[in-house]
Amino acid sequence: MPELPEVEITRRGLEPHLTGRRVAGVTVRNPNLRWPVAPELSARLPGRLVRGVSRRGKYLLVDCSGGWLILHLGMSGSLRILPAASPPGKHDHFDLALDDGTLLRLRDPRRFGAVLWTETDALRHPLLAGLGIEPLSPEFGGDWIYRQTRARTASIKQVLMDGRVVAGVGNIYANEALFRAGIRPQTPARRIGRKRYGILADAVRETLRLAIAAGGSTLRDFVGSDGAPGYFQQQYGVYGRAGLPCPHCGRPIAEVRQGQRSTCYCPRCQT
DNA sequence: CGCCAGGCCTGCACGC
DNA sequence: TGCGTGCAGGCCTGGC
């Protein structure tokens with residue numbers, strides 16, 4: 001579930017609880033996530049000062065003074081701050097105990113998420129090194145996407161979802177941004193010009209900004225670090241709305257598949 | 001029961 | 001031959 005807005009909501013919620021604290025302990029209840037949780041975590045983390053929490057794409061980076069805890073929420077993960085000794089549920093696979101007695105807890109029913117540890121620069125980790133531009137950074141704009149897409153035969157939606165090009169945009173927000181921009185998702189990326197890419201870049205930024213402001217999207221299991229759901233799904237224009245009227249023109253929203261993912265769009269407003 | 005779901009790495013096939 | 005590119009499979013559980 002979690003795309004960039006949900007990860008950013010999580011980051012903002014965690015930061016004040018983690019920054020300046022020391023790690024008191026680590027509990028791994030089920031190490032079988034996307035990659036096995038490294039056993040050395042339990043030895044390497046306790047005692048470290050948490051300096052801050054940042055985000056790269058959909059990855060959360062916890063700066064642990066000489067090492068980085070890299071967290072990914074996969075499809076169904078969520079992170080919460082809880083009181084000491086909170087009883088774990090069935091899918092609560094990982095806890096970080098802090099020196100004030102609180103817990104950072106990962107819940108992830110599908111276990112597509114990840115808990116990684118590195119003692120070199122987190123941004124050089126193999127999983128992060130190849131990530132594309134941050135869509136909320138000042139460098140991201142129409143010109144940038146235009147230059148990136150000249151040799152791409154893939155559709156614009158698949159390019160938006162390609163983390164090596166743009167980091168953090170997943171299926172929901174790719175659908176929504178293309179609707180906002182009035183661009184048909186199947187359009188070959190190389191056939192879109194500079195001007196339309198300017199509109200698309202603005203649409204991506206605005207879609208992400210609005211989603212963050214709404215606390216992200218809660219479709220089934222996402223909650224923020226305080227347990228609160230997001231409400232952006234109430235503002236969806238097309239995602240999950242196949243057959244329902246387009247909010248602009250009233251015509252039915254269409255659904256197709258692209259790269260084994262569902263694409264929703266308005267055949268009239270998106271050309 | 002089958003199918004679907006917010007991610008994304010890996011391996012393979014293809015064309016230049 | 002090598003590289004960029006583009007597919008499909010796989011990892012899991014839960015809900016309809």
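Every chain is numbered from 1 and lettered A, B, ... according to where its sequence line falls, protein lines coming before strand lines.
Rounded to whole angstrom, the span from the CG atom of A/Asn171 across to the P atom of B/dA5 amounts to 8 Å. One can place CG of A/Leu128 at 10 Å from P of B/dC8, the figure rounded to the nearest angstrom. A/Arg164 has its CZ atom 15 Å from the P atom of C/dC3, to the nearest Å. Atoms CZ (A/Arg190) and P (C/dG4) sit 16 Å apart, rounded to a whole Å. The interatomic distance linking A/His93 (NE2) with C/dT13 (P) rounds to 9 Å, in whole Å. To the nearest angstrom, P of B/dA5 lies 8 Å from CZ of A/Arg261. Look at CG on A/Asp162: it is 15 Å from P on B/dT10, rounded to the nearest Å.
Taking only side-chain atoms of A/Thr153, from C-beta outward, the nucleotide of B/dG7, C/dG6, C/dG14 with the closest atom is C/dG6. Side chain of A/Gln158, nearest nucleotide from C/dC7, B/dG7, C/dT5: C/dC7. Side-chain atoms of A/Trp35 lie closest to B/dC9 of the nucleotides B/dC9, C/dG6, C/dT13. Among the nucleotides B/dG7, C/dG14, B/dA5, the one closest to the side chain of A/Lys58 is B/dG7. Checked against C/dT13, C/dC11, B/dA5, the side chain of A/Phe112 finds its nearest nucleotide in C/dC11. In the set C/dT13, B/dG7, C/dA8, C/dA8 carries the atom at the smallest distance from any side-chain atom of A/Gln260.
Contact annotation for A/Arg257: backbone-only contact, meaning every heavy-atom pair under 4.0 Å involves sugar-phosphate atoms and none involves a base. Within 4.0 Å (heavy atoms only), A/Arg34 reaches at least one base atom of the nucleic acid.
Using the Watson-Crick or G-U wobble rule with both distances under 3.5 Å, C/dC12 pairs with nothing in any strand shown.
Geometrically, A/Arg241 does not engage A/Tyr239 in a cation-pi contact defined by less than 6.0 Å to the ring centre and at most 45° from the axis.
A/Ile253 and A/Gly237 make their closest contact through CD1-O, 4.1 Å (heavy atoms, listed as atom of the first residue, atom of the second, distance).
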